[in-house]
*Asks:* 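Quick one: the structure is below, questions incoming.
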Amino acid sequence: MTGAGGAAEQTHPGDAVLDLRDVHRTHGQGEAAVHALRGVTLTVGPGELVAVMGPSGSGKSTLLALAGGLDAPTAGEVRVEGQPLGALDRRALARLRRRRIGYVFQNLNLLGSLTAAENVALPLELDGLGVRHARRAAQAALVEVGLAELGERFPDQMSGGQQQRVAIARALVGQRRLVLADEPTGALDSQTGEAVLRLLRRRVDAGAAAVLVTHESRHAAWADRVVFLRDGVMVDSTAPLGGVEQLLAGSGR
Ligand SMILES: Nc1ncnc2c1ncn2[C@@H]1O[C@H](COP(=O)(O)OP(=O)(O)O)[C@@H](O)[C@H]1O
Ligand SMILES: [Mg+2]
């Protein structure tokens with residue numbers, strides 16, 4: 001993409017928010033082994049939004065889970081803000097995830113027994129922030145995603161699109177430096193989908209780094225860079241969108 005190379009040159013490697021170095025992830029062993037990722041290297045700096053595209057089963061969700069410390073690589077290294085995740089114990093990893101990483105799950109993972117506002121405030125409260133401050137930050141995040149009036153609703157009292165926006169508010173709440181979103185526009189109509197991308201873009205322009213998994217080149221167009229996965233390998237990290245579309249068209253997705 002135009003400009004991506006220049007930005008990469010300006011960014012000192014130590015400045016990367018996310019750094020995947022020759023990352024492999026294999027499930028199972030021997031003949032049953034599934035190589036979900038086979039040597040992926042990806043660096044995302046502050047102010048950078050990277051879109052990940054690729055056919056179903058190509059390793060997109062695995063890549064995001066590794067980046068978010070939800071899964072560990074079989075080989076290679078994952079660093080967030082220079083910190084190798086493999087060097088952290090569970091408690092330190094959980095803290096880093098709460099404070100630094102916003103994650104929008106493909107299946108949302110909202111807690112049904114909590115209201116929208118409580119869902120959004122939860123990571124801050126777990127981190128020790130006082131309830132009142134956490135609620136205020138949660139309300140600000142709900143306003144940001146256009147749900148100012150719905151904070152007291154439970155997930156099952158909201159539409160799929162509204163639930164998705166709650167999940168996005170939970171990922172953006174506080175001062176997250178790394179936002180990871182797995183097809184966050186899946187259940188949204190195209191207008192709301194664009195609004196979500198605009199929010200992500202705004203947060204990135206304010207200095208965060210983000211990785212967005214998406215099937216839609218229209219959404220990938222919001223990114224500074226598009227990387228394409230096929231069978232766990234990064235095929236081309238510099239292809240213009242037309243090239244990616246061609247690859248997708250050939251993938252039988
Ligand atoms: N826990 C698991 N056990 C075994 N295989 C898995 C597991 N998770 C993912 N895989 C396999 O790894 C590959 C990549 O999966 P995934 O990252 O979910 O792809 P995508 O998100 O691109 O659809 C697929 O072949 C999938 O079946
Ligand atoms: Mg997936």
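Remember, it's 1-based here, ligands and their atoms both numbered in the order they're listed. Quantities reported herein were computed from a predicted structural model and do not represent experimental measurements.
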*Asks:* Mind running salt bridge (Lys or Arg N to Asp or Glu O under 4.0 Å) on Arg97 and Asp127 for me, showing each step along the way?
*Replies:* CA-CA 10 Å; Arg97 282 175 38 208; Asp127 210 30; over 6 Å; no
*Asks:* Rounded to the nearest 0.5 Å, what's the gap from NZ on Lys60 to CE on Met53? Could you check?
*Replies:*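 Between atom NZ of Lys60 and atom CE of Met53 there are 9.0 Å.
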*Asks:* To the nearest 0.1 Å, how far is atom 8 (N) of ligand 1 from its closest protein heavy atom, and which atom is that?
*Replies:*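 In this structure, atom 8 (N) of ligand 1 has His27 NE2, 3.3 Å as its nearest protein heavy atom.
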*Asks:* How far is atom 18 (O) of ligand 1 from its nearest protein heavy atom, and which residue and atom is that?
*Replies:*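 Answer for atom 18 (O) of ligand 1: Ser61 CB, 3.7 Å.
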*Asks:* If the test is side chain to side chain donor-acceptor pair (under 3.5 Å), which one of Arg201, Arg203, Arg202 qualifies with Asp205?
*Replies:*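 Of the listed options, the one satisfying the test is Arg201.
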*Asks:* Considering non-hydrogen atoms of the protein only, which is the closest contact for atom 14 (C) of ligand 1, and what is the distance?
*Replies:*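 So the nearest neighbour among protein heavy atoms is Gly57 O, 3.4 Å.
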*Asks:* Say whether Ser58, considering both its backbone and side-chain N or O atoms, lies within less than 3.5 Å of an N or O atom on ligand 1.
*Replies:*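 Yes, at least one N or O pair falls under 3.5 Å.
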*Asks:* Give the C-alpha distance, both sets of side-chain angles, the deciding distance and a yes or no for side-chain contact (heavy atoms from CB on, under 4.5 Å) between His133 and Arg136.
*Replies:* CA-CA 5 Å; His133 283 103; Arg136 199 175 300 147; 4.1 Å; yes
*Asks:* For Val34, which part has a heavy atom under 4.0 Å from ligand 1: side chain, backbone, both, or neither?
*Replies:*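 Answer for Val34: side chain.
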*Asks:* Sequence neighbours excluded and cut-off under 3.5 Å, please list the side-chain donor-acceptor pairs for residues 61-73, or say none.
*Replies:*
from  : atom 1 : to     : atom 2 : distance (Å)
Ser61 : OG     : Gln106 : OE1    : 3.2
Ser61 : OG     : Asp182 : OD2    : 2.6
Asp71 : OD1    : Arg25  : NE     : 3.1
Asp71 : OD1    : Arg25  : NH2    : 3.1
Asp71 : OD2    : Arg25  : NE     : 2.9

*Asks:* Kindly confirm whether the Mg ion (ligand 2) is within less than 2.8 Å of some N/O/S atom in Ser61?
*Replies:*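 Yes - counting backbone and side chain alike, Ser61 has an N, O or S atom under 2.8 Å.
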*Asks:* Would you say Leu142 and Leu150 make side-chain contact, with heavy atoms under 4.5 Å?
*Replies:*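 The answer is no; the side chains never approach within 4.5 Å.
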*Asks:* Quick check for you: to the nearest 0.5 Å, what is the distance between Gln157 atom CD and Gln162 atom CD?
*Replies:*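 Rounded to the nearest 0.5 Å, the CD-CD separation comes to 10.5 Å.
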*Asks:* Numbering the atoms of ligand 1 from 1, which are under 4.0 Å from a heavy atom of Pro55?
*Replies:*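 Near Pro55, meaning under 4.0 Å from one of its heavy atoms, ligand 1 has 22 (O).
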*Asks:* Does atom 27 (O) of ligand 1 have any protein heavy atom closer than 4.0 Å?
*Replies:*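 Answer no: nothing from the protein, no heavy atom, is under 4.0 Å.
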*Asks:* Tell me: protein heavy atom nearest atom 19 (O) of ligand 1, and distance?
*Replies:*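 The protein heavy atom lying closest is Gly59 N, 3.2 Å.
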*Asks:* Could you check atom 15 (O) of ligand 1 against the protein and tell me its nearest heavy-atom contact, residue, atom and distance included?
*Replies:*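 Minimum-distance protein heavy atom for atom 15 (O) of ligand 1 reads Thr62 OG1, 3.8 Å.
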*Asks:* Verify whether one side chain among Thr43 and Asp19 offers a donor that lies under 3.5 Å from an acceptor in the other.
*Replies:*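 Thr43 vs Asp19: donor-acceptor pair found between side chains.
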*Asks:* Would you say Ala36 has any N or O atom under 3.5 Å from an N or O of ligand 1, going by distance alone?
*Replies:*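 By distance alone, the answer is no.
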